[in-house]
Amino acid sequence: MQITHFQLRKIFSKFWQEKDHKEIPPIPLIPQNDSTTLFTGSGMQQLVPYLLGEVHPLGKRLYNIQPCFRSQDIDEVGDNRHTTFFEMMGNWSLGDYFKKEQLIWFWNFLTKELGFKKERLYVTVFQGDEKNHLSADIESIEIWKSLRVDENHIFQYSPTKNWWSRAGIPDNMPENEPGGPDSEVFYDFGENLKIHENSPFKDQACHPNCDCGRFLEIGNSVFMQYKKTEKGFEELPNKNVDFGGGLERILAALNNNPDIFQTDIYFNIIKTIEKTANQSYTDEKNKKKMRVIADHLKGAVFLIKDGVYPSNKERGYFLRRLLRRTAVKFLQLKNQNITSNNLKPIVEEIINTYQDVYFKNNDLENIYQIISEEINRFNKTLSQGLKILAKIEKPTGKQIFDLYQSYGFPKELTEELLKEKGLSFDEKEFEKELKKHRDLSRTASAGMFKGGLADKSEQTIKYHTATHLLHQALFDVLGNSIKQEGSHITGERLRFDFYSLKKPTDQDLIKIEEIINKKIEEKIPVNFVILKKEEAYKIGAKSFFREKYPEMVKVYYIGQNLENAYSKEFCDGPHVKNTQTIDKINIIKLEKIGSNLYRLYAK
Ligand code: SER
């Protein structure tokens, strides 16, 4: 019987536990305290300091299964093996065992625990790098031979294939980055698949790294023993092992089918897409689209679980691209926009697939809500945008920018759709338009906010203090998901944009209004202190998450003293001296401006 992903997880954990390994919890897809990468892309990411020599609190032998997101692979999604989201099974030795134990253990894991036939396995080793004075890994060849791996199943490759660091080959590594030679194991799906015939490599002899689809890499043992320095490569204090193997790929190999979308970690998701789109996966013309939908929605579900939500910047933009691409692929598949009725079962199936490995009971509702709102909003302009795009014969950067600006078509998506018709556009012109637009909106807002308030009239100052009260009252009534998205004050009114998982009801608005007015009646003093940034975060002062703050910050608090203050906020001011100066506040309007994004006006 086929091994399920649940069983594979158990077998893997048990295997390393029996060898005295401790499980380290996986980190979120958004690395905390690590600004080097946007997303967590490998299991070793949380171990960098320990590979460099720090002592790990759990000891020298570790393992885990780490959810990973590789944004750089988005364009590859659609073939049978690439995904943006995947899970990496990993084990580590921090200066404990080294090559011999690692290769023998992993080999036993594959052949004894999982039952792989050794005829189907190929291994690769590092052939050395003269330029960087790194020698060939003869030791690993000997170990593989001692395991009776056939000599013509052992291949040597250059650093492009058999060297691993987060930055890639030795030449590309920055100083202080750890790296080392590695040894990979490949599964051979067999010549009888004849995949090689259609590949660009068809005239060359096939080999494990040939990319034709016959071989799939299922595990990589990195021998982390070097650090890049100014002078070249230096030995690390410890000889470490960093192993990573893609869970989905191992499942595909166990399935003896190179299509990872046919393993049990995708199978039911694809089935649900088939059902909702009323199309069959076996139909070649549907495969790519269904794989994109399955991968992108899965990626979106995991990103949202870890705190990303759609926006126009960095991670949020990435999530937006995933969801909008999903909407386009679904439309192409079914000739109809994806609706809530279609979307929900797919999201539900994604969460069901993992049962309690990653999700809690109420995750579905929260995650689904963010996804459906983003997609519904895009659906409104999608068909119109596609019509416009269909008419464009010689696309200009300006047209592509207009599609982005007015119809929400991410540049990369338009690029992809144009490519299907053999068209392209001038990226530079697009960027120029984007910059022009940003400069315009910046000038428009510069008048409002210049390191605080440009208009320092008495009325705007009152509104400013009222905004702080409002910010805290939103937390009181709607809970901790609130994030300030921006605010704009004129002499006439205040406007406040915020993110909230809970949709504010009329009742909520009344409560918020009551709280603010009560605080006004209570005649509370308003003061500020200057604190170290860390200290300010520690005492729970609210900050604007889009802003980078200096080491020392000004914190305004509304209360008799800082400790018991009702509101604490990073802010340059100015503010009223006492809340009694502010007139009674009325919330006049609430608008929904995006997925879980609201705009509130008050007078
Ligand atoms: N860090 C290596 C990889 O990502 C092995 O875990 O492949």
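We count residues from 1, following the sequence as given. Whatever order the structure lists them in is the order used to number ligands and atoms, beginning at 1.
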Can you pull every nitrogen or oxygen pair between ligand 1 and the protein closer than 3.5 angstrom?
from     : atom 1 : to     : atom 2 : distance (Å)
ligand 1 : 1 (N)  : Asp242 : OD2    : 2.7
ligand 1 : 6 (O)  : Asp242 : OD1    : 2.9
ligand 1 : 6 (O)  : Phe243 : O      : 3.4
ligand 1 : 6 (O)  : Gly244 : N      : 3.1
ligand 1 : 7 (O)  : Asn220 : ND2    : 3.3

His5: ring pair (Phe, Tyr, Trp, His ring centres under 6.0 Å) partners, not counting sequence neighbours: Tyr354
Salt bridge Lys287-Asp259, side-chain N to carboxylate O under 4.0 Å: no
CD (Glu420) with more than 12 external heavy atoms under 6.0 Å: yes
Partner residues of Glu175 under the salt bridge (charged side-chain N to carboxylate O under 4.0 Å, His left out) criterion, sequence neighbours left out: none
Pairs flagged by ring-ring contact (aromatic ring centres under 6.0 Å, His included) wherever residues 164-185 is involved - sequence neighbours left out: none
Name of the residue among Lys99, Gln156, Glu142 meeting side chain to side chain contact (heavy atoms under 4.5 Å, CB included) with Asp137: Lys99
